[in-house]
Structures are given as structure tokens and as C-alpha cells.
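Structure first, then comments.
Just so it is clear, the model here is predicted, and its values are computed rather than measured.
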Amino acid sequence: MMQHSIIFPLPLSIHIGFVIISVILLALCYKKRKYTYELYMLVGIISTLFVYVCKEKPYFYILGLEEMILLALTIIDMAKVSKAAAAAEKAEKEAAEKAAETDGEETVSEEPDENDDTDKSE
């Protein structure tokens, strides 16, 4: 039977398992996309293990403050990334529309005039 900690709701072995899986997934995501918020989340997840290191209250308050700061930094950075991605998508869409308009003008000018004197049926 696993004992549950009064301090943390998960047994230590399960907590360590979740931390390991999270670290692996976030490291892979960071390696692929290089977003800073993934590093903030990585540090926050790893630091949850400090709950088991010291049982004194000031450390829990410090850890809680650190987690709140990391959460705020993560949210702010995610908002920046989202805004930048939306701006890039909008610019790409406008460029595609402009290219489509340019292609449309070229195809119209390449079509033969109806008043053309050459009759190709002869």
C-alpha cells in the first residue's frame, strides 16, 4: 500500500514518474520549437520535487511563490508566441492573396481579345 503525503497529494514514486515523463516531453518540445515558456514549465515541474526536500514552512512559501512566478512567465510568453504566430499567419495570408491577385491579372492579360482579327478555325 502506498502512503499519501500530507504535503503533496501524490505518492513519491508516482510524482517522480510524472516528472520524468513531463521532463522528457517538454525537452523534446523545446528541442523542436525553442519556445522559452517550455523551459519555464520544465523548471516549474522539476521544482515540485523540492516539496520532499525540506519540511519547514518558509520553503513551501518560497516554492509557491516560485511556481506562481513561473506560471505568470509561462502565460505571458505563451501569449507573445500566440500573438507572433497570429501576425505571421496574417502576413502569410495577405501575401498569398496578393500573389493570387497578381496571378489573376497576368492570366487576364494573356487571354486573346475577342476583337482579334485572326481566325484560327481556317
Thr74 side chain to Leu70 backbone, donor-acceptor under 3.5 Å: yes
Are [X] and [Y] joined in one hydrophobic group, where the rule is that I, L, V, M, F, W and Y side chains link up if heavy atoms are under 4.5 Å apart?
{"X": "Ile24", "Y": "Ile45", "result": "yes"}
{"X": "Leu71", "Y": "Leu39", "result": "no"}
{"X": "Tyr61", "Y": "Val51", "result": "no"}
{"X": "Leu42", "Y": "Ile69", "result": "yes"}
{"X": "Leu12", "Y": "Ile21", "result": "no"}

Once you round to the nearest 0.5 Å, how far does [atom1] of [X] lie from [atom2] of [Y]?
{"X": "Leu49", "Y": "Leu63", "atom1": "CG", "atom2": "CG", "result": "10.0 Å"}
{"X": "Thr36", "Y": "Met41", "atom1": "OG1", "atom2": "CE", "result": "12.5 Å"}
{"X": "Ser82", "Y": "Asp77", "atom1": "OG", "atom2": "CG", "result": "11.0 Å"}
{"X": "Leu65", "Y": "Ile62", "atom1": "CG", "atom2": "CD1", "result": "8.5 Å"}

Contacts of Phe18 that satisfy ring pair (Phe, Tyr, Trp, His ring centres under 6.0 Å) - sequence neighbours left out: none
Partners passing ring pair (Phe, Tyr, Trp, His ring centres under 6.0 Å) against Tyr40 (at least two apart in sequence or in another chain): none
Heavy atoms of other groups near Glu92 CD, more than 12 under 6.0 Å: no
Heavy-atom pair with the smallest gap, counting every atom of Ser47 and Glu67: OG-OE2, 2.6 Å
Exercise: identify the closest heavy-atom pair between Cys54 and Tyr59: SG-CD1, 3.0 Å
Any side-chain heavy-atom pair of Tyr52 and His15 under 4.5 Å: yes
Heavy-atom check, side chain of Tyr37 versus side chain of Leu73, under 4.5 Å: no
Lys34 NZ/CZ over Tyr30 ring centroid, <6.0 Å and within 45° of normal: yes
Qualifying residue for side chain to side chain contact (heavy atoms under 4.5 Å, CB included) with Val23, from Ile20, Val19, Leu26: Val19
